[in-house]
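See structure below.
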Amino acid sequence: MDLNSILAKLPYSAPFLFVDALTHVDEEGVAGTYTFDENLDFYRGHFNEKAITPGVILIETMAQIGLACLGIFLLNKDLIHCSSIALTSTEIQFLKPVYPKEKVTVISKKIYFRFGKLKCAVTMKNEAGQEVCKGILAGMITEEL
């Protein structure tokens with residue numbers, strides 16, 4: 001499965017798509033990038049003097065690249081049109097702020113994938129290569145009824 005095919009299967013669109021590109025994917029993990037547009041609505045009022053990206057958005061970015069993209073790759077042909085992707089647990093450490101216009105790289109390493117549940121160790125780095133957050137994310141891909 002090529003990287004653009006994975007992106008095409010993501011169930012997100014602007015302004016809630018936080019994946020610009022995938023740079024690597026295999027059975028063990030995924031890497032991708034996203035640049036935070038300074039005009040995104042959540043920056044208005046989030047620290048008035050110096051906007052920073054909310055932690056929940058950083059988690060969502062990590063989940064879209066590190067769980068959803070990897071899950072789509074792992075399921076490949078078994079992913080059906082009526083599948084749902086749900087974040088089931090997070091354990092994240094926030095280490096540095098992420099500002100508008102910053103490009104981040106998310107690197108995810110699979111811990112396990114079984115019975116539709118994917119668990120990964122995920123790290124987000126800024127352009128200087130510094131970790132801005134890291135932790136464990138888990139999610140489920142299920143069929144809608």
Apply side chain to side chain contact (heavy atoms under 4.5 Å, CB included) to the pair V132 and K125, showing each step before the final yes or no.
CA-CA 5 Å; V132 295; K125 295 182 178 184; over 6 Å; no
Derivation of the side chain to side chain contact (heavy atoms under 4.5 Å, CB included) call for D37 and Y43:
CA-CA 9 Å; D37 184 321; Y43 285 125; over 6 Å; no
Apply side chain to side chain contact (heavy atoms under 4.5 Å, CB included) to L22 and V30, showing your working.
CA-CA 8 Å; L22 295 179; V30 65; 4.0 Å; yes
Tell me, with the steps shown, if L10 and V19 meet side chain to side chain contact (heavy atoms under 4.5 Å, CB included).
CA-CA 9 Å; L10 284 171; V19 184; 4.0 Å; yes
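Atom CG in L3 sits 9.0 Å away from atom SG in C69 (nearest 0.5 Å). Distance check: Y112 OH to K117 NZ gives 4.5 Å after rounding to the nearest 0.5 Å. Note that the NZ atom of K96 and the CG atom of L58 stand 13.5 Å from one another [nearest 0.5 Å]. The CD1 atom of I57 sits 12.0 Å away from atom CD1 of I52, with the distance rounded to the nearest 0.5 Å. The SG atom of C120 lies 12.5 Å from the CD1 atom of I107; values are rounded to the nearest 0.5 Å. Distance check, rounded to the nearest 0.5 Å: CG of L137 to CE of M62 gives 5.5 Å.
Closest of all the heavy-atom pairs between P54 and F42 is CD-CD1, 3.4 Å. Smallest separation of non-hydrogen atoms from C133 and I92: CB-CG2, 4.1 Å. When every heavy atom of E131 is checked against every heavy atom of T123, the shortest pair comes out as OE2-CG2, 3.5 Å. Between E102 and P97 the shortest heavy-atom distance is OE2-O, 3.8 Å. In terms of heavy-atom proximity, F115 sits nearest to M140 at O-CE, 4.0 Å.
Cluster membership check: L70 does not share its hydrophobic cluster with I136, using side-chain heavy-atom separations under 4.5 Å among Ile, Leu, Val, Met, Phe, Trp and Tyr. In terms of hydrophobic clustering, with Ile, Leu, Val, Met, Phe, Trp and Tyr side chains grouped at heavy-atom distances under 4.5 Å, L40 and L17 are assigned to a common cluster. Under the 4.5 Å side-chain contact rule for hydrophobic residues, I65 and I111 do not share a cluster. Note on V56 and F36: same hydrophobic cluster, where clusters join Ile, Leu, Val, Met, Phe, Trp and Tyr whose side-chain heavy atoms are under 4.5 Å apart, directly or indirectly.
For the ring pair (Phe, Tyr, Trp, His ring centres under 6.0 Å) condition, the pairs that include at least one residue of residues 6-26, sequence neighbours left out, are F16-F18, F18-Y34.
For CD of Q130, the number of neighbouring non-hydrogen atoms (other residues, nucleotides, ligands) closer than 6.0 Å is greater than 12. More than 12 heavy atoms of other shown residues, nucleotides or ligands fall within 6.0 angstrom of atom NZ in K110.
Although no hydrogens or angles enter the test, the distance criterion places a donor-acceptor pair under 3.5 Å between the side chain of D20 and the main chain of T35. Without hydrogens or angle criteria, S108 side chain to G29 main chain gives no donor-acceptor distance under 3.5 Å.
By the side chain to side chain donor-acceptor pair (under 3.5 Å) test, E28 is found to be paired with no residue, residues two or more places apart in sequence or in another chain being considered.
Using a 4.5 Å cut-off on side-chain heavy atoms (C-beta onward), V98 and N126 make no contact. Between I6 and V25 the shortest side-chain heavy-atom distance falls below 4.5 Å.
Cation-pi geometry between K50 and Y99 is met: under 6.0 angstrom from the ring centre, within 45 degrees of the axis.
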